[in-house]
Peer 1: 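This is the structure I have questions about; it appears just below.
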Amino acid sequence: MTKSSGFYSLTSLSGIATGLYSLVGSSIIYWLFKYKYNSDYLHPDILKYALVDLIIVGLLSIATSILLTKRQAKLNRELVWSTPFRKMIKTFSVIFGIGCIVILNFLLKEEYERFGALMLIFYGLALISSSKYTFKEVMIIGYIHILLGILATFIPEYSFWLWVTGFGIVHLLFGIVMFLKNGN
């Protein structure tokens with residue numbers, strides 16, 4: 001039996017790194033919008049760059065989170081692949097995976113305007129569902145992402161900036177707050 005019902009080796013530095021990666025990645029896409037294609041919307045020519053950019057940001061975020069979490073778990077004398085961690089990953093992955101399938105469907109139909117809103121909403125739902133196995137702040141981040149996603153459905157012309165706010169600024173700020181609160 002696991003001695004704790006929660007996994008508390010998630011590190012605030014992962015949130016900071018994810019926020020920074022998202023801000024750098026979105027800056028690259030913004031540059032493509034404005035200066036290479038002179039467009040305010042996700043032009044089909046930009047889509048391939050945006051998807052590569054998104055995959056790179058996602059992989060960097062995941063890799064950084066894994067490395068920092070393993071390091072923190074070792075410092076906390078906590079098993080990384082503990083029961084709470086497996087439950088957290090499972091609940092996150094189910095909802096996030098469903099979201100990826102829905103988003104892929106819209107991408108294949110070339111309905112790009114929903115992309116940012118759906119990413120925010122499904123990511124927020126995944127965070128909320130997995131938050132019962134870790135810090136309560138993860139739930140707050142989830143609700144913020146959902147609210148930003150819902151807002152993006154009402155004002156799709158701002159969905160890019162709402163995405164930047166959620167994945168970039170919110171992760172960065174919460175990472176800093178958690179670092180100041182917990183010191184890790």
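Keep in mind the model is a prediction, meaning the values are calculated, not measured. Count residues from 1 along the sequence.
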Peer 1: If you link I, L, V, M, F, W and Y whenever their side-chain heavy atoms are under 4.5 Å apart, who else ends up in the same group as Val24?
Peer 2: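 Via sub-4.5 Å side-chain contacts, Val24 links to Ile28.
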Peer 1: Can you name the side chain to side chain donor-acceptor pair (under 3.5 Å) partners of Arg86, sequence neighbours left out?
Peer 2: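 Scan of Arg86 (side chain to side chain donor-acceptor pair (under 3.5 Å), adjacent residues dropped) gives Thr83.
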Peer 1: Hey, are the side chains of Leu107 and Ile103 touching, using non-hydrogen atoms and a 4.5 Å cut-off?
Peer 2: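 Yes, side chains in contact.
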Peer 1: Locate the shortest heavy-atom distance separating Phe106 from Leu118; write the atom from each residue and the value.
Peer 2: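 In this case the closest contact between Phe106 and Leu118 is CD1-CD1, 3.3 Å.
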Peer 1: Using distance only, find each side-chain donor-acceptor pair of residues 167-180 under 3.5 Å and give its atom names and separation, not counting sequence neighbours.
Peer 2:
from, atom 1, to, atom 2, distance (Å)
His171, ND1, Phe167, O, 3.0
His171, NE2, Tyr123, OH, 2.8

Peer 1: Under the ring-ring contact (aromatic ring centres under 6.0 Å, His included) rule, collect the residues that match up with Tyr30, sequence neighbours excluded.
Peer 2: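 With neighbours one apart ignored, the set is Trp161.
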Peer 1: Residues two or more places apart in sequence or in another chain: which of them pass ring-ring contact (aromatic ring centres under 6.0 Å, His included) with Phe160?
Peer 2: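 Phe33.
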Peer 1: Other than Val52, what residues sit in its cluster of Ile, Leu, Val, Met, Phe, Trp and Tyr side chains whose heavy atoms are under 4.5 Å apart, directly or through others?
Peer 2: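 Hydrophobic cluster check, Val52: joined to Tyr21, Ile56, Val57, Leu60.
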Peer 1: Would you compute the distance between atom CG of Asn105 and atom SG of Cys100 and round it to the nearest 0.5 angstrom?
Peer 2: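 Atom-to-atom, Asn105:CG and Cys100:SG are 13.0 Å apart.
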Peer 1: Roughly how far, to the nearest 0.5 Å, is the CG atom of Leu162 from the CD atom of Glu157?
Peer 2: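 It is 9.5 Å, given to the nearest 0.5 Å.
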Peer 1: Just list the side-chain donor-acceptor pairs under 3.5 Å for residues 142-154, sequence neighbours left out, or say none.
Peer 2:
from, atom 1, to, atom 2, distance (Å)
His145, ND1, Ile141, O, 2.9
His145, NE2, Gly166, O, 3.1
Thr153, OG1, Ile150, O, 2.5

Peer 1: Could you tell me which residues satisfy side chain to side chain donor-acceptor pair (under 3.5 Å) with Ser26, sequence neighbours excluded, listed by chain and number?
Peer 2: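 Residues passing side chain to side chain donor-acceptor pair (under 3.5 Å) with Ser26: none at all.
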Peer 1: How does the hydrophobic cluster around Ile62 look, that is, which other residues are in it when side-chain heavy atoms under 4.5 Å mark a link?
Peer 2: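 Taking Ile, Leu, Val, Met, Phe, Trp and Tyr as members, Ile62 shares its hydrophobic cluster with Ile66.
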Peer 1: When you group the ILVMFWY residues by side-chain heavy-atom contacts below 4.5 Å and let the links chain together, are Leu23 and Leu59 in the same group?
Peer 2: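 Per the 4.5 Å side-chain linkage, Leu59 and Leu23 are not co-clustered.
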Peer 1: Let me confirm one number: the CE-OG distance from Met139 to Ser130, rounded to the nearest 0.5 Å.
Peer 2: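 Those atoms lie 9.5 Å apart.
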Peer 1: With salt bridge (Lys or Arg N to Asp or Glu O under 4.0 Å) as the rule and sequence neighbours excluded, what pairs involving residues 159-181 come up?
Peer 2: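 Matches after skipping sequence neighbours: Glu137-Lys181.
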Peer 1: For Leu13 and Arg71, work out which heavy atoms get closest and say how close.
Peer 2: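 Here Leu13 and Arg71 meet closest at CD1-NH2, 4.4 Å.
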Peer 1: Output the rest of the hydrophobic cluster of Leu104: all Ile, Leu, Val, Met, Phe, Trp and Tyr residues reachable through side-chain heavy-atom contacts under 4.5 Å, sorted by chain and number.
Peer 2: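 Cluster partners of Leu104: Leu108.
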Peer 1: Side-chain donor-acceptor pairs under 3.5 Å in residues 87-96, sequence neighbours left out?
Peer 2:
from, atom 1, to, atom 2, distance (Å)
Thr91, OG1, Lys87, O, 3.1
Thr91, OG1, Met88, O, 3.1
Ser93, OG, Ile89, O, 2.7

Peer 1: Specify the closest pair of heavy atoms between Thr69 and Ser14, including all atoms of both residues, with the distance to one decimal.
Peer 2: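 Taking Thr69 first and Ser14 second, the nearest heavy atoms are OG1-OG, 4.4 Å.
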